[in-house]
Each structure stands twice: as C-alpha cells, then as structure tokens.
Amino acid sequence: MPELPEVETTRRGIEPLVRNKYVERVLVHNASLRWPVPSDLKTTLLSQKVCSVERRSKYLLMNFEQGTLIIHLGMTGHLRVCRSGEERRKHDHVELFFTDRSILRFNDSRRFGAIFWTNADPLQHERLISLGPEPLNGLFNTDYLFRVSRGRKIAVKPFIMDAHVVVGVGNIYASEALFRARIAPGRQAGQVSRKAFALLVQSVQEVLTEAIAAGGTTIRDFMDTEGRPGYFKQELRVYGRAGEPCTACGSTITQTRLGQRSTYYCPKCQR
DNA sequence: ATCGCCTCCTGCGCGC
DNA sequence: TGCGCGCAGGAGGCGA
C-alpha cells in the first residue's frame, strides 16, 4: 500500500519519536512476514540506541549504533509509536519497547512487509543493492530514462513501476504521472520519445513531491504515525476515477489492467 | 535479458 | 444476514 510518499511520511513521523531512544525489550509476535523476522532480533537490538531513520526506495532504514534495521511496509504495513499501556492491536507483529516506556509497533495485516537486520552498509544489502535511482534526485533524469528504455517492449507504466528503473513509483503515482505527462500507460517503453520522457520525469517528481507535502494518499487505510490519513487522495486526477470526466478534456476516464494492476487514464489526453 | 503471469496474505465491498 | 467473488497502495520468483 505505501508508495514513496507514504513511506516518507512514515519516516518523518517516526524519526523524532524514536531518535536517541534505547531498546529495552523486543517482542516478535508473528515472525512470518515476506521473509522471516530474524530470530535473534531481540538480542541484537537490546540496549542499542536509535541514531536516525532514513529512507531508500520504499525501505525505511532505522540506524542503530551497531547496524541498521531495514523495514519494508509491503502493501498494508504501518509503524506507530505508542505510549506504555496502549493496547496492542490485531496484526501488531513486532514491538520495540524503549526505556522511556514508548513502544514502536509494526502492524501489517497482509504480511507482505519485511524486516531485516544488517551490520554492514544497508545500501549494500541484497534487497537494496540493485535498486534504481531515487526519483527525487538528479540521477533520475531524461537522459537516463531514455537510455534504459531503448529496446524495451514492456508497457511504460509497469516500466516506471520497476524498481530497477526508478524506485518509489507505485501503482497510484504511476497512473497519475502518466496522465500529467499525457502518455498512454500501455505504450511500449521503447517507443516513448525523449521529449515525452522529459515531461514524465518532471511529472513523476511533481506528483511525488506534492503527495509528500500532503502527507501521502489514503485510499483505504494509510495513516501517518499520528493516525491521520494522507490528503493527496483529493488531488488524484485519474486513479480511482473510472467513469468520471477527465479534468483536462472531459472525456471519460478509463480503467484497464496492465501487468495485473489497475490502471487509469484518459484515452483522449494520453497518447 | 526480458516479459508476463503467479504468488504470498487478510480484509472489505459488492451482488445475489 | 450470509456467502462467494474480485480487488487492494508491493515485489520476488518462475517458466517461456
């Protein structure tokens, strides 16, 4: 469920609440996430201090003094910081208890999320090492996108959702960015012009930046660490708007499936 | 190498 | 009210 803006919203919410806190207890109620939660997590984290919380792609990197806890929220993952005494909820699979009596809880109903530990550079972790560039830094640009797309027959929408190409662009923002760039989502990536990709790069950056500023998008259940929804849903121009008029031309927004994912676009504006 | 399909899991909304 | 179905913001792994 969370795409880059939701993960970044989570990071910003969590970091001030966990930074400089010491772990005094760890409870793993259900270790069967996408990959098993490390069985020695308790001993690893005990008495360690959280130094910072960073993000790479949709991974949260919780840096401790001796290593990094890598957290992926999958489709339904949430992190929240509770006060001592607050009841545990259904699907709270992992809890970190801090010495100040606050508790960091990882909740994930579908359990597509993941938690890893590494003592080394987290960017070298096998799940992160081959990721493409961040969308909001200079490495993601027209030349790069044009170059890596040549010869590719995959549709442009799943292409930009491929984390080897660029990270952080999930199903909502892929549709939104392609609408803004006026590119039909089913076009072969290799057939998209340099000029169109220039607009797409700009559109991806705009939509992600705006979504972060709005605290992410809440479709069904995304909440920030304070329990607030993200407000970007009202800014969505095509996602979830099948049958509604296009905000640009009035044509009917169409829904289709591409790479097993729901895809929304304006058949007139997007070519 | 690339592509498209399947899978993991739970919950919810819909039509009947 | 209940049931079955399809769908959901991710992404690894498979066979072709």
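Every chain is numbered from 1, with letters handed out A, B, ... down the list of sequences. The model shown is predicted, which means the values in this text are computed figures rather than measured ones.
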Protein-nucleotides 7-11 of chain B N/O pairs closer than 3.5 Å?
unit_1 : atom_1 : unit_2 : atom_2 : d
B:dC9  : O4'    : A:R110 : O      : 3.4
B:dC9  : O3'    : A:R111 : NH2    : 2.7
B:dC9  : O2     : A:R110 : NE     : 2.7
B:dC9  : N3     : A:R110 : NH2    : 3.3
B:dT10 : OP1    : A:R111 : NH2    : 2.8
B:dT10 : O4'    : A:S109 : O      : 3.3
B:dT10 : O3'    : A:H91  : NE2    : 3.1
B:dG11 : OP1    : A:K90  : NZ     : 2.9
B:dG11 : OP1    : A:H91  : NE2    : 2.7

*Which dot-bracket string fits DNA chain B when only Watson-Crick or G-U wobble pairs with both atom distances under 3.5 Å count, crossing pairs get [ ], and | stands for a partner on a different strand?*
.|||||||.|||||||
*Nucleotide nearest A:W35 when distance is taken to its side chain, options C:dG10, C:dA8, C:dG12*: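 Of the options given, the side chain of A:W35 lies nearest C:dG12.
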*Which part of the nucleic acid does A:Y239 contact within heavy-atom distance under 4.0 Å: base, sugar-phosphate only, or nothing?*
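Sugar-phosphate, no base atom in range.
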*NA contact type, A:I154, heavy-atom cut-off 4.0 Å: base, sugar-phosphate, or nothing?*
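Counting heavy atoms under 4.0 Å across all strands, the contact made by A:I154 is with sugar-phosphate only.
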_Give me the distance, rounded to whole Å, that separates C:dG6 from B:dC6 when you measure between the P atoms they each carry._
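That atom pair is separated by 13 Å.
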*Please state the C1' separation for the pair C:dG9 and B:dC3 - nearest whole angstrom.*
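Comparing C1' positions in C:dG9 and B:dC3 gives a spacing of 23 Å.
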*Can you sort out the partners of A:Y173 under side chain to side chain donor-acceptor pair (under 3.5 Å), two or more places apart, ordered by chain and number?*
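Listed in chain order: A:E6, A:T217.
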*At under 4.0 Å, does any side-chain N or O of A:R261 touch on OP1 or OP2 of C:dA8?*
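For C:dA8, OP1/OP2 do not have a side-chain N/O of A:R261 under 4.0 Å.
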*So, is A:K58 near the phosphate of C:dG10, with a side-chain N or O under 4.0 Å from OP1 or OP2?*
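Looking at the OP1 and OP2 atoms of C:dG10, one of them is under 4.0 Å from a side-chain N or O of A:K58.
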*List the steps and the verdict of side-chain hydrogen bond (donor to acceptor under 3.5 Å, both in side chains) for A:N171 and A:K157.*
CA-CA 9 Å; A:N171 201 39; A:K157 176 170 175 268; 2.6 Å; yes
*Expressed in angstrom and rounded to an integer, what is the separation of A:R257 atom CZ from C:dA8 atom C1'?*
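Value for this atom pair: 9 Å.
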*Please confirm whether A:R194 makes a cation-pi placement over A:F146, using NZ or CZ under 6.0 Å from the six-membered ring centre and within 45° of the ring normal.*
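Geometry flag: set, cation within 6.0 Å and 45°.
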*Does the side chain of A:S175 come within less than 4.5 Å of A:Y265's, by heavy atoms?*
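Sidechains of A:S175 and A:Y265: no contact.
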